[in-house]
K.L.:
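Pasting a structure below so you can have a look.
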There are 2 protein chains.
Amino acid sequence: MSKKAATRSRERDPAATRQRLIDAAVRLMLKQGFAGTSVDQICAEAGLTKGSFFHHFESKEALAEAAVAWWGRMGSSLYAAAWENTSAGPLERLHQMLDIMSGFTRREGEDCVCMVGMMSQELAATHPAMQAACGRELQHWTDQVARLLTEAREQLQPVTDFDPEEVAWFLNSLWQGSMLVGKASGSQALIRANLQLARDFVDGLFANPPVLPVVHQPS
Amino acid sequence: MSKKAATRSRERDPAATRQRLIDAAVRLMLKQGFAGTSVDQICAEAGLTKGSFFHHFESKEALAEAAVAWWGRMGSSLYAAAWENTSAGPLERLHQMLDIMSGFTRREGEDCVCMVGMMSQELAATHPAMQAACGRELQHWTDQVARLLTEAREQLQPVTDFDPEEVAWFLNSLWQGSMLVGKASGSQALIRANLQLARDFVDGLFANPPVLPVVHQPS
DNA sequence: TGTTACATACCAACCGGTTTGTATGTCCAA
DNA sequence: TTGGACATACAAACCGGTTGGTATGTAACA
């Protein structure tokens, strides 16, 4: 039978279609938020119709949750170059991670924003499932950073002792807040400046590598 | 022709009515966001009708802008105890400010959230007027903190030189991010831990008051 | 002081458009 | 021929905002 590959219109590829919906949702919701983005808009952006939408997702919120999960996987794969870099020490890997984050601010025509922070801010108080989904993603990021900090604390000389998980949450919060403030200020440079201070903060936890010039107090 | 003035005697107090609308908007939008809150809901919460709403505000966005401005004034008045405390040194005033912020996490039954961060996250990318309004509030907070840091830098001995405005933005971002992450994690204690680290960070800028125990590196 | 004139404050009903979600149909591959 | 993948059409509720009206405060003037 002739395959008749020239099948008019649309390829049938449910996984890809589902991903098209997720991509569209991410693109639109990062800009307009959850409530500010309609299902019709998402369908138009994905080049699909509403029937298809509700075939793949049982609700708009379900799609947003899938989008947050996808965002988390995507992020982890981007951070992996730093997180799983076995040929570098823990502090160096933290530096690499901060460089990756800084790189997010330098993409032409693309804002440095986060789907998790966006959905969390808007929906955490009213949509428990979404709060849980965002909490999971933030926890995962924090776990990875805490792991590196723990390693660093074992291998290097901490100036004062610290709780790796606490510091990791500190960095996560700074990162989320930087993107938020950068948005209101319209300045990605502000985000980079914060990341530089974060690097100084992390380095300052350890006496070892970048020895700070100690200023003797005269008085 | 008795007019029958059995008028339901609603108080006629335009300023108070306007404020009732602002209060209602703040209460609802802090929880549900801007797009997730309808004008009808706001009117119901304020005990008014839509006609009255649009007499005082020309649009829902105009009310949200007024609410952000009110939130800023409210915040400034709460921080004033620290910011304008002439009987304390700059570093002590920064400590007092952090204590005030920490106090926001301890209010019974009330989440530690920020109208400016909320509106900024949701609307900055699509509503230029709102982005500007939020940017102004964040800038004002930063200015006050930078002022204290500048004073502290003059009076105390900075370990290494720093840019007060940069550090102020760092603290502002951390604060906003802490509220965001605290929301997703459902933990106000997380916010307090971040504020403690922020205090350590600020103290660490100066060699003077809380001398850090220096660990000599053996290797 | 009493009356008239007008602006402000507020209300109830309504409007066109948009919302999420459904019901149903069609096409195609297995 | 059966079932998944998608499209079309539709509905009930809800949206932000408008309209036309009434009640009330204020001020000029008789």
Side-chain angles (χ1 to χ4, degrees), chain A residues 1-25 28-29 32-67 119 122-123 126-127 129-130, chain B residues 1-25 28-29 32-67 119 122-123 126-127 129-130:
Chain A
M1 319 291 252
S2 65
K3 310 303 218 45
K4 198 54 206 94
T7 321
R8 6 170 319 89
S9 54
R10 180 155 308 301
E11 309 269 337
R12 274 171 94 89
D13 186 344
T17 298
R18 196 186 135 94
Q19 190 57 44
R20 286 231 310 283
L21 286 166
I22 289 176
D23 291 345
L28 291 170
M29 288 185 185
Q32 311 169 345
F34 175 83
T37 301
S38 72
V39 173
D40 278 336
Q41 276 182 314
I42 296 168
C43 293
E45 177 86 8
L48 292 166
T49 59
K50 235 182 317 196
S52 189
F53 180 103
F54 284 100
H55 174 74
H56 288 282
F57 297 98
E58 71 169 9
S59 69
K60 181 174 141 183
E61 196 197 339
L63 168 59
E65 278 171 51
M119 294 299 101
E122 184 176 352
L123 303 174
T126 48
H127 294 61
M130 184 60 85
Chain B
M1 359 204 334
S2 64
K3 298 310 217 42
K4 193 49 201 97
T7 329
R8 1 168 328 84
S9 77
R10 168 161 297 295
E11 310 269 336
R12 220 157 191 269
D13 186 343
T17 298
R18 197 185 134 96
Q19 189 58 44
R20 287 230 308 284
L21 287 166
I22 289 175
D23 291 346
L28 292 170
M29 288 185 183
Q32 311 170 346
F34 175 83
T37 302
S38 73
V39 173
D40 279 334
Q41 276 181 315
I42 295 168
C43 293
E45 177 87 8
L48 292 167
T49 60
K50 246 198 291 208
S52 189
F53 180 103
F54 284 100
H55 173 74
H56 289 282
F57 297 97
E58 72 168 8
S59 69
K60 181 175 142 184
E61 196 196 340
L63 168 60
E65 279 171 51
M119 294 299 102
E122 184 175 352
L123 303 175
T126 48
H127 294 61
M130 184 59 85

K.L.:
Provide the full list of salt bridge (charged side-chain N to carboxylate O under 4.0 Å, His left out) pairs with a residue in residues 33-43 of chain A, sequence neighbours left out, each pair given once.
P.N.:
A:Asp40-A:Lys50
K.L.:
Distance check, rounded to the nearest 0.5 Å: A:Met29 atom CE versus A:Leu123 atom CG?
P.N.:
8.5 Å
K.L.:
Return the nearest nucleotide to the side chain of B:Ser52; candidates are C:dA9, C:dC11, D:dC6.
P.N.:
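It is C:dC11.
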K.L.:
Mind checking what makes side-chain contact (heavy atoms from CB on, under 4.5 Å) contact with B:Gln41, not counting sequence neighbours?
P.N.:
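Expected list: B:Leu28, B:Gln32, B:Thr37, B:Ser38.
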K.L.:
Can you measure A:Ile42 atom CD1 to C:dT20 atom C1' for me and round it to whole angstrom units?
P.N.:
11 Å
K.L.:
Let me have a per-nucleotide readout for nucleotides 15-22 of chain D, 5' to 3', with B, S or -, counting only protein heavy atoms under 4.0 Å.
P.N.:
SBBB----
K.L.:
Below the 4.0 Å mark, does C:dA9 have OP1 or OP2 next to a side-chain nitrogen or oxygen of B:His55?
P.N.:
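It does, given that an N or O in the side chain of B:His55 lies less than 4.0 Å from OP1 or OP2 of C:dA9.
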K.L.:
Send over the distance from B:Leu48 CG to C:dT8 P, rounded to a whole Å.
P.N.:
19 Å
K.L.:
Please determine if a side-chain N or O atom of B:His56 lies less than 4.0 Å away from the OP1 or OP2 oxygen of C:dC10.
P.N.:
yes
K.L.:
Whole angstroms only, please: what is the CG-P distance between A:Leu28 and C:dT20?
P.N.:
12 Å
K.L.:
Should B:Thr17 be listed as having a side-chain N or O under 4.0 Å from OP1 or OP2 of C:dC10?
P.N.:
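Checking B:Thr17 against C:dC10: at least one side-chain N or O falls below 4.0 Å of OP1 or OP2.
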K.L.:
Using whole Å, what does the distance between atom P of nucleotide D:dA5 and atom CZ of A:Arg20 come to?
P.N.:
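One finds 14 Å between P of D:dA5 and CZ of A:Arg20, rounded.
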K.L.:
Would you tabulate the side-chain donor-acceptor contacts of residues 52-59 of chain A under 3.5 Å, counting partners in other chains and residues two or more places apart, or write 'none'?
P.N.:
residue	atom	partner	partner atom	Å
A:Ser59	OG	A:Glu61	N	3.4
A:Ser59	OG	A:Ala62	N	3.1

K.L.:
Under the rule for side-chain contact (heavy atoms from CB on, under 4.5 Å), what residues qualify as partners of B:Gln19, not counting sequence neighbours?
P.N.:
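Only B:Ile22, B:Asp23, B:Trp70 meet the side-chain contact (heavy atoms from CB on, under 4.5 Å) criterion with B:Gln19.
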K.L.:
Is B:Glu122 reaching over with its side chain to a backbone N or O of B:Gly33, donor-acceptor style, under 3.5 angstrom?
P.N.:
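Looks like no, no N/O pair under 3.5 Å.
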K.L.:
How many Å lie between CZ on B:Phe57 and C1' on C:dT8, as a whole number?
P.N.:
16 Å
